[in-house]
**Q** 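Let me give you the structure first, and then I'll get to my questions.
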Amino acid sequence: METIKTSDIMRIINVMADVIIENEKPFCDLDSAAGDGDFGMSVAKGFKVLKAEWDDLSTANIGKFLRSCGMIITEHCGGASGPIWGSAFMSAAKYSAGKIELNLSEFAELMQSAVDGIQKRGGAKLGDKTLLDALIPTTESLKQSALAGSSFKEAFTIGARAAVEGAEKTKEYGATKGRASYVGDRSISYPDAGAMALGIIFTVIAEKF
Amino acid sequence: METIKTSDIMRIINVMADVIIENEKPFCDLDSAAGDGDFGMSVAKGFKVLKAEWDDLSTANIGKFLRSCGMIITEHCGGASGPIWGSAFMSAAKYSAGKIELNLSEFAELMQSAVDGIQKRGGAKLGDKTLLDALIPTTESLKQSALAGSSFKEAFTIGARAAVEGAEKTKEYGATKGRASYVGDRSISYPDAGAMALGIIFTVIAEKF
Amino acid sequence: MKKIMNKAEDLVVEMCEGMQKAYPRSLVFEPKYKIMRRKELNKDKVSLISGGGSGHEPAHAGFVGTGMLDAAVCGDVFASPSTIQVYNAINQTSSSKGTLLIVKNYSGDCMNFDAAAEMAEDDEDVQVERVYVNDDVAVKDSLYTVGRRGVAGTVFVHKIAGAAAEAGSDLLAVKAVAEKVIANVRSMGFALTSCTVPAKGTPTFTLEEDEMEFGVGIHGEPGIVREKIVSADELASKLLEKILADLPCDQGDEVAIMVNGFGATPLQELFVLNNSVTDLLASKKISLHRTFVGNYMTSIDMAGASLTLLKLDAELKNLLDAPADTSALHV
Amino acid sequence: MKKIMNKAEDLVVEMCEGMQKAYPRSLVFEPKYKIMRRKELNKDKVSLISGGGSGHEPAHAGFVGTGMLDAAVCGDVFASPSTIQVYNAINQTSSSKGTLLIVKNYSGDCMNFDAAAEMAEDDEDVQVERVYVNDDVAVKDSLYTVGRRGVAGTVFVHKIAGAAAEAGSDLLAVKAVAEKVIANVRSMGFALTSCTVPAKGTPTFTLEEDEMEFGVGIHGEPGIVREKIVSADELASKLLEKILADLPCDQGDEVAIMVNGFGATPLQELFVLNNSVTDLLASKKISLHRTFVGNYMTSIDMAGASLTLLKLDAELKNLLDAPADTSALHV
Ligand SMILES: Nc1ncnc2c1ncn2[C@@H]1O[C@H](COP(=O)(O)OP(=O)(O)O)[C@@H](O)[C@H]1O
Ligand SMILES: Nc1ncnc2c1ncn2[C@@H]1O[C@H](COP(=O)(O)OP(=O)(O)O)[C@@H](O)[C@H]1O
Ligand SMILES: [Mg+2]
Ligand SMILES: [Mg+2]
Ligand SMILES: [Mg+2]
Ligand SMILES: [Mg+2]
């Protein structure tokens, strides 16, 4: 059965970091419509530190690697993004503690634990107009792909599409979580910045995998 | 010999007030180029009060009338304009104390005393880029007209032209008095607001006389 | 973007250093975790920590000092400080009486301050309580939302909880009086211009020459409605109406108010607004105990202002009037 | 024009009323002559009066209080108060020790304060002295000009003369120490935007997005040169260079500084500028005794700032450190 190794996870996170850093400004713009315009900066900040300290990250196993990423993200991502992305990584790290490879089904469970971590910290659910509206559909799609016996490449491509669709749908929701909630119905017709960002990140990860 | 009476002086001051009030904004604009943009407002403020209290002004004689104008102007014109215009009126009032008519030569002397009052208060001289650069030429022109035996109407027309020419010339001076002095040579090519205003005021007075 | 700055990424640290250097007798700044704290800490009083994104100066570092905060944790512009920053602030100012975190109700701040409190409580001997300020009546407060935002009313929480802590109250008593302030304080704001986040370099939104945003927060979020600009008197009555609808005041009730500028609005205009507000309160026979006019909780370089009203009882009045000696507020 | 106001012609009075209503315990405002004065006057100390055009808030009314001014006379926006206004302020605050007028060196202010002093001295029993503050090094000081303008350095004159008066010095001693401050204080400012005079409604000048005016005053006058915007560090060094060229300071000299905002520049940027200035002074081994950062002498809603440097000796240091309790400055 196809599995991915610690080094594959490292490559994925590396692509993720690059996409986030390249898109710092566009991600800020996404947050300007109904948020406070700093989303791109907040996430990029942590991922820049991650890249800078890349060589010092633990590579002993997937769990240790994700945990060392999570510590940096928690410390250096600003705003809501620090605890959200930090808890996602820390929670995924817990799931993958000691593991050096994952099959697709396990990878989907790792994503599910990231979702759980975010929900435990921030209390949002599907439809609250947060990045969960992209992350949960991707996770569900990965689980389906695992059941269908797809390859990682196929699963990532379909999973990214689910994120993009989920993000698009946030345009229709009045926000309840995060700053977009403060403008009430005026946030309708603007998508959620975090969800849109995940759509873009997952798409590039799938392309480069 | 042609003379003007208290009522003529009152008509002249009334026209002066109307011109100043009508030109509040343009006079401010003149002061914006190298000054602080408030000249129109400063003078208009006093002359609006003058108009409002017109019926209460003393009309016993020219001196008393000008003195009651001077008191209002000193109190209500803002900025430099209060003491400048106020001292002009108070000084002219002193010259005309008890008088109920003036011939052209006496009128020119009254203007001279206004010049003296302004110079005593503010210390400026011809060429300092102030309203004196319009007022002094007018006063000199009135003295010449008196010697030449001109009518008031003729004298006012030529006197107004002298004010306009004097004001135009202030474009060439770097300012030394007033706020224009703070921008140094950058005030060159802009005329002095007070001098330009006197040119306009005297022109209308001459037309309506 | 026209700002007095060097590089955007250095702005927060340079600003904090510049502040500490202005008040070297009373403040210490710790750049690694961007913590501004009192030079002399009293280990036998409840420690008060607040903070949040930067861009609200003088909040919160300007309220560090006798009778108010012990430390302020500074995030990046409009971004909550991280969990690790807050955790370090708790450790650096720990006291025998415990620590109260005064958090403005934003998901980012709540998540970071919560996580930091959990981390600190996992260590031994540290007792950490939290209050969440949510005074902004522009935002609907319901079960289905994250609730109202915390804005300028937070300064009243700093002041009153700070006075209680200074007076020797224990942690639960300080928390209780902070919650009493929160229950009795409401704010409403409007913007005449957008702010410009330094790292972004362009305004977050744009308004026509005759437009204002009514119901804005302090992070450049658009408000609840875009309207034509109205006079100071009308502004005062719109603001007060919104506040009193949520926090009814009767004749004879005593209040304190804060007319707070958002950064680019001069004191001249704030005093004009205060004149209108004060006259309105007098006409409603609401008794005005104390007034604050100035820039307390800003939104970078936004033109606009907010009105905060705090309903007082004898306890709150005493604590509001108690001495405070900070760089931005002096009683 | 985007301003919180009612009618432009009512602005100054509404602003002053709004200020007095914020500080009813310490201030009295007399609307006929627009005089803001202390509620409790001490008839046995030298009376200090300042004032000038409005639009510089908190100057000057914000400095009325213990240890600083007894009265501030408020002109219209950017226009000197009238002779009659100043004359009435002298009468309303007359003391057995006489009165010192602190005048910013502008022809309008000088003429009106001079004429008022002459009027008051024509009455019996009133002794009135005047000092003219001229700290702005942007302007050339020569026999052929009206001399330098008075700008933010005026606040140091208020503070130090105020402390001397409060300590019981006689009129000539208070005047002498005020003149010592004037001899040792210099300022330099720059604008990032023009201000808008309320009655006019449009900006006095316009700047491109990458331009600043260097050497501006506090009345929206254009500066001495229009330049490209530079970093905070470069601004600090340009300002300081201009000041030190006129007021040389050696290693070990002690100074106080004021980083003053012009109205629309937020505290955030002023602290960044202060950081740059403070580092520069340290590198020159000039010793910094006390720092003031904030909006003290504004130019309505102009974005920009000025730097003021005051060279100190033991006497000035003591008086600068003496207590002051006013709405805008607290020591
Ligand atoms: N409670 C939450 N749970 C999950 N995601 C959230 C939550 N609140 C906000 N977010 C996500 O965070 C993004 C905003 O991040 P950021 O701009 O860094 O935070 P802030 O709101 O503090 O400025 C939103 O677009 C949203 O996707
Ligand atoms: N010392 C002076 N003597 C005569 N006129 C003067 C003097 N100083 C200024 N002025 C005149 O006053 C005008 C400016 O008036 P105003 O704008 O009211 O005063 P301010 O300079 O206080 O804003 C100038 O244009 C000039 O003509
Ligand atoms: Mg954001
Ligand atoms: Mg002028
Ligand atoms: Mg944010
Ligand atoms: Mg003026």
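The sequence lines fix the lettering, A, B, ..., with proteins before strands; numbering per chain opens at 1.
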**Q** Name the region of D114(D), side chain, backbone, both or neither, that has any atom closer than 4.5 Å to a heavy atom of chain B.
**A**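 Both backbone and side chain of D114(D) come within 4.5 Å of chain B.
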
**Q** Quick one: which of A199(D), P81(D), S82(D), G201(D) has the most heavy-atom pairs under 4.5 Å with chain B, could you say?
**A**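 With the most close heavy-atom pairs to chain B, the winner is S82(D).
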
**Q** Quick check: are there more than 12 heavy atoms from other residues, nucleotides or ligands sitting under 6.0 Å from CE of M71(B)?
**A**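 No, not enclosed.
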
**Q** Where does E118(D) contact chain B at under 4.5 Å (heavy atoms): side chain, backbone, both or neither?
**A**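 It is the side chain, since no backbone atom gets that close.
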
**Q** Please list, in residue-number order, every residue in residues 83-100 of chain B that has a heavy atom less than 4.5 Å from any heavy atom of chain D; write 'none' if there are none.
**A**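 Listed by number, the contacting residues are P83(B), I84(B).
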
**Q** Work out which heavy atom in N112(D) is nearest to a heavy atom in G79(B); give both atom names and the distance.
**A**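 Heavy atoms only, the tightest pair is ND2-O, 2.9 Å.
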
**Q** How long is the straight-line distance from OG1 of T74(B) back to CE of M111(D), given to the nearest 0.5 Å?
**A**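 Reported value, rounded in 0.5 Å steps: 11.5 Å.
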
**Q** If you count heavy atoms of other groups shown closer than 6.0 angstrom to NZ of K5(B), is the number above 12?
**A**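 Enclosed.
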
**Q** Measuring from atom OG1 of T83(D) to atom CD1 of I73(B), what distance do you get when rounded to the nearest 0.5 angstrom?
**A**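 Between T83(D) OG1 and I73(B) CD1, I get 12.5 Å after rounding to 0.5 Å.
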
**Q** How far apart are the closest heavy atoms of K200(D) and K25(B), and which atoms are they?
**A**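 For K200(D) and K25(B), the tightest heavy-atom pair comes out as O-NZ, 3.0 Å.
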
**Q** Can you tell which part of D76(D) gets under 4.5 Å to a heavy atom of chain B, answering side chain, backbone, both or neither?
**A**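 Only the side chain of D76(D) comes within 4.5 Å of chain B.
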
**Q** Does any backbone or side-chain atom of Y87(D) lie under 4.5 Å from a heavy atom of chain B? Answer side chain, backbone, both or neither.
**A**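 For Y87(D), neither part sits under 4.5 Å from chain B.
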
**Q** Between V216(D) and chain B, with a heavy-atom cut-off of 4.5 Å, which part of the residue counts as in contact: side chain, backbone, both or neither?
**A**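 The answer is neither part of V216(D).
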
**Q** In residues 41-69 of chain B, which residues are in contact with chain D at a heavy-atom separation under 4.5 Å?
**A**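 The list, in residue order, reads M41(B), S42(B), K45(B).
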
